[in-house]
**Student:** 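I have a structure here, written as structure tokens, and I will follow up with some questions on it.
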Number of protein chains: 2
Amino acid sequence: MAVTLKDIALKAGVTTATVSMVINNKPNISETTKKRVLAIARELNYYPNVIARGLATKRNNAIGVVVPNIASGFIMRIMEGIKNTLRNANYTVILFDTIGQGITEYNLFQKVVYEGRVDGVIVITASSSDAELELFKKEKMPCILVAKHSAILDSIYVNNRGGSYTAVKYLIDKGHRNIGVVTVNRKNLNIEERLDGYRDALVEKSIPFRSELVYEATSDSMTDGAHLANKIINARQSGDNVPTAIFSPAGDMTAIGMIKEFKKRGLKIPEDIAVVGYDDVPAAEVVEPALTTVRQPKLEMGDLAINLIIDKVEKGDKTIESREFAAKFIIRESA
Amino acid sequence: MAVTLKDIALKAGVTTATVSMVINNKPNISETTKKRVLAIARELNYYPNVIARGLATKRNNAIGVVVPNIASGFIMRIMEGIKNTLRNANYTVILFDTIGQGITEYNLFQKVVYEGRVDGVIVITASSSDAELELFKKEKMPCILVAKHSAILDSIYVNNRGGSYTAVKYLIDKGHRNIGVVTVNRKNLNIEERLDGYRDALVEKSIPFRSELVYEATSDSMTDGAHLANKIINARQSGDNVPTAIFSPAGDMTAIGMIKEFKKRGLKIPEDIAVVGYDDVPAAEVVEPALTTVRQPKLEMGDLAINLIIDKVEKGDKTIESREFAAKFIIRESA
DNA sequence: TTGTATGCGTTATCAC
DNA sequence: GTGATAACGCATACAA
């Protein structure tokens with residue numbers, strides 16, 4: 001049986017109210033009783049029951065992290081940033097995701113908001129609409145949106161358009177004019193923004209956008225990359241529209257799959273065809289040639305997110321802030 | 001303001017007790033009031049406050065996952081398995097780790113047990129002693145230990161000794177007699193077990209164990225691998241004790257770093273020196289030659305862990321079970 | 001079939 | 001300074 005305030009009160013000859021005040025360091029308690037109560041608490045190895053405390057104070061000291069799917073390197077790095085800076089802050093983080101639960105993201109939002117387990121949330125998703133996110137505002141649940149800009153909530157996001165622009169401009173400056181681009185049909189990847197950056201660079205250099213140079217992957221995987229690489233090589237052989245460089249906002253694994261397939265088919269990277277990825281996964285450094293890619297500052301985003309949300313929760317700050325991070329272009333050998 | 005049982009009761013003209021019984025699908029409620037209450041609950045968009053419910057029932061529908069550090073691919077894959085099969089089971093998972101909190105693992109155990117937030121825990125660590133783990137038993141907190149065998153708690157673990165044995169035997173069968181082994185000083189890696197497997201294979205084939213063939217990494221990283229590779233090459237040049245194969249129970253990244261450095265120094269893999277890793281990280285498939293390695297069935301372990309713990313929590317099962325998984329030897333090109 | 005009363009462990013508002 | 005007492009939202013034993 002867990003030891004409660006009552007146990008301590010009984011043993012100390014005071015009431016639970018007094019014990020509670022001692023435990024919470026409230027003023028107006030005599031030094032002597034304070035010492036006695038504290039000693040007994042330690043002796044009995046007392047831990048406050050956070051559930052009961054939460055009921056009484058309407059504060060749980062818990063932050064929810066809401067994600068579509070935890071099985072993503074992107075999200076894990078952000079989580080790492082969150083946990084890393086949680087430090088002394090006495091908060092517990094609770095992970096919510098839709099995985100395997102057969103519910104929509106909005107259902108999950110409702111659950112998180114109405115269940116009452118958390119004091120605030122960090123929502124990491126680019127696939128929810130403002131209409132859905134509105135729920136947090138409506139129910140006055142402190143919330144930080146990570147991954148895209150929002151007009152109605154605090155948000156932390158990366159300038160992916162700028163990241164793509166930098167990458168593509170780099171390719172153009174190297175002399176490339178036919179630059180293929182790999183997209184993927186995953187809503188929470190901000191893929192449209194990334195394509196915009198690609199177009200920006202083209203426009204700036206007066207290079208026409210050509211839809212034949214857009215390749216679609218079904219997921220960010222090496223097999224998809226290999227498949228697309230073959231498609232490109234075949235197009236090369238039939239002559240026209242031969243890309244001399246590929247930019248893969250769909251992700252690094254696709255880019256890596258392409259590199260490996262290009263090499264297998266006898267092409268030299270980056271001489272015959274340059275490749276640029278997106279994400280900077282660990283394998284990007286391993287592939288030969290090492291992958292030039294775009295990195296998002298995930299740890300920093302997680303760090304900022306947890307700090308912001310705790311501020312919101314504790315200070316009741318109501319202003320809507322948003323913070324943009326720059327994507328970092330990592331130049332290695334593949335381009 | 002969140003809607004409570006009281007709100008529904010008021011509107012339905014019954015008491016909170018009745019509403020509670022309806023919500024929880026208790027028997028002996030007339031169909032008519034049931035329907036009416038349910039309709040109003042839906043209309044008001046009622047969600048039970050899980051904190052209050054937890055206090056009343058002493059059940060939180062929450063499982064704690066306790067880890068030393070979430071920033072590990074191993075743990076993330078297990079988490080993925082856990083979340084994946086959580087499915088309809090109406091449980092929330094709460095992540096606890098010691099990262100950046102300046103507390104010991106045992107302090108964390110205490111927090112988890114005494115705070116009362118969770119009904120059961122999955123502890124993923126190989127670095128805690130039985131004496132520390134005893135706490136869960138003592139306080140009757142249902143617990144599954146993942147990563148090593150335990151006599152006092154349910155446990156799920158991988159036969160790492162067998163996995164190492166298989167890998168090293170494979171090298172021996174390929175004709176290798178001087179097999180280097182890379183260790184790392186990280187307690188929660190079960191490194192000793194893995195070394196035992198290495199020794200087992202040696203003993204079986206009557207090959208003497210030689211401590212000069214043991215190399216120590218400081219972490220599982222490419223830079224450590226490169227460093228060790230150079231050490232080995234230098235030893236080669238001075239003549240004696242030249243390993244013709246390397247087994248890296250310290251992890252794949254170290255093995256990959258070695259491969260890249262060996263290649264840079266002009267050695268051919270696996271002809272001049274064979275390399276076998278441990279873990280099967282995504283990059284293992286990317287390096288050239290692709291890394292032969294040992295994989296632990298992480299998803300399956302997570303799956304079993306969550307099923308077991310929910311059973312324990314719900315059925316109050318008291319027997320101590322343990323389940324061993326076999327490690328899988330993945331043969332690629334580096335050996 | 002439904003209402004009344006009580007408790008879960010804690011905090012908070014009063015008196016004294 | 002400290003003790004009663006109510007309240008948080010819900011569940012449940014018992015009474016009606």
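First the proteins, then the strands, lettered A, B, ... as listed; each starts at 1.
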**Student:** With heavy atoms under 4.0 Å as the rule, sort B:Thr15 into base, sugar-phosphate or nothing.
**Tutor:** base
**Student:** How would you list, by chain and number, every residue that makes a side chain to side chain donor-acceptor pair (under 3.5 Å) with A:Ser150, sequence neighbours excluded?
**Tutor:** none
**Student:** Take atom CG of B:Asn60 and atom C1' of D:dA11, then tell me their distance rounded to the nearest Å.
**Tutor:** 14 Å
**Student:** Please, which pairs that meet salt bridge (Lys or Arg N to Asp or Glu O under 4.0 Å) have at least one residue in residues 36-45 of chain B, sequence neighbours excluded?
**Tutor:** B:Lys11-B:Glu43
**Student:** Distances under 3.5 Å between protein N/O atoms and the N/O atoms of nucleotides 13-16 of chain D, please, pair by pair.
**Tutor:**
none

**Student:** Given A:Ile124, which partner from the list A:Val146, A:Asp97, A:Val66 fulfils the side-chain contact (heavy atoms from CB on, under 4.5 Å) test?
**Tutor:** A:Val146
**Student:** Applying side-chain contact (heavy atoms from CB on, under 4.5 Å), can you list everything that pairs with B:Asn160, at least two apart in sequence or on another chain?
**Tutor:** B:Val158, B:Asn190, B:Glu193, B:Arg194, B:Tyr278, B:Gln296
**Student:** How would you list all residue pairs meeting ring-ring contact (aromatic ring centres under 6.0 Å, His included) that involve residues 13-63 of chain B, not counting sequence neighbours?
**Tutor:** A:Tyr114-B:Tyr47
**Student:** My understanding is that only one of A:Val112, A:Leu133, A:Val123 makes a side-chain contact (heavy atoms from CB on, under 4.5 Å) with A:Cys143; could you say which?
**Tutor:** A:Val123
**Student:** Classify the nucleic acid contact of B:Ser20 as base, sugar-phosphate or nothing, counting any heavy atom under 4.0 Å across all strands shown.
**Tutor:** base
**Student:** With axes from five pairs an end, tell me the bend angle of the helix from C:dT1-D:dA16 to C:dC16-D:dG1, nearest 10°.
**Tutor:** 40°
**Student:** Can you list everything that forms a salt bridge (Lys or Arg N to Asp or Glu O under 4.0 Å) with B:Glu139? Sequence neighbours excluded, please.
**Tutor:** none
**Student:** Between residues 22-46 of chain A and DNA chain C, which residues have a heavy-atom gap below 4.0 Å?
**Tutor:** A:Asn24, A:Lys26, A:Tyr46
**Student:** Do any N or O atoms from the side chain of A:Asp154 and from the backbone of A:Leu145 form a donor-acceptor pair under 3.5 angstrom?
**Tutor:** no
**Student:** Taking 5' to 3' order, which nucleotide of DNA chain C is first and which is last to have an atom within less than 4.0 Å of a heavy atom in chain B?
**Tutor:** C:dT1 to C:dG9
**Student:** Which residues in residues 50-59 of chain A have a heavy atom closer than 4.0 Å to any atom of DNA chain C?
**Tutor:** A:Ala52, A:Arg53, A:Ala56, A:Thr57
**Student:** Residues in side-chain contact (heavy atoms from CB on, under 4.5 Å) with A:Asn307, at least two apart?
**Tutor:** A:Asp303
**Student:** Figure out the NZ/C1' separation between A:Lys6 and D:dA4, and round it to whole Å.
**Tutor:** 15 Å
**Student:** Sorted by first residue and then second, give each salt bridge (Lys or Arg N to Asp or Glu O under 4.0 Å) pair with at least one member in residues 118-137 of chain B; sequence neighbours left out.
**Tutor:** B:Arg59-B:Asp119
**Student:** Validate the cation-pi geometry between B:Arg77 and B:Phe74: distance from NZ or CZ to the six-membered ring centre under 6.0 Å, angle to the ring axis within 45°.
**Tutor:** no
**Student:** Check whether any side-chain N or O of A:Ser20 sits under 3.5 Å from a backbone N or O of A:Thr16 as a donor-acceptor pair, and report yes or no.
**Tutor:** no
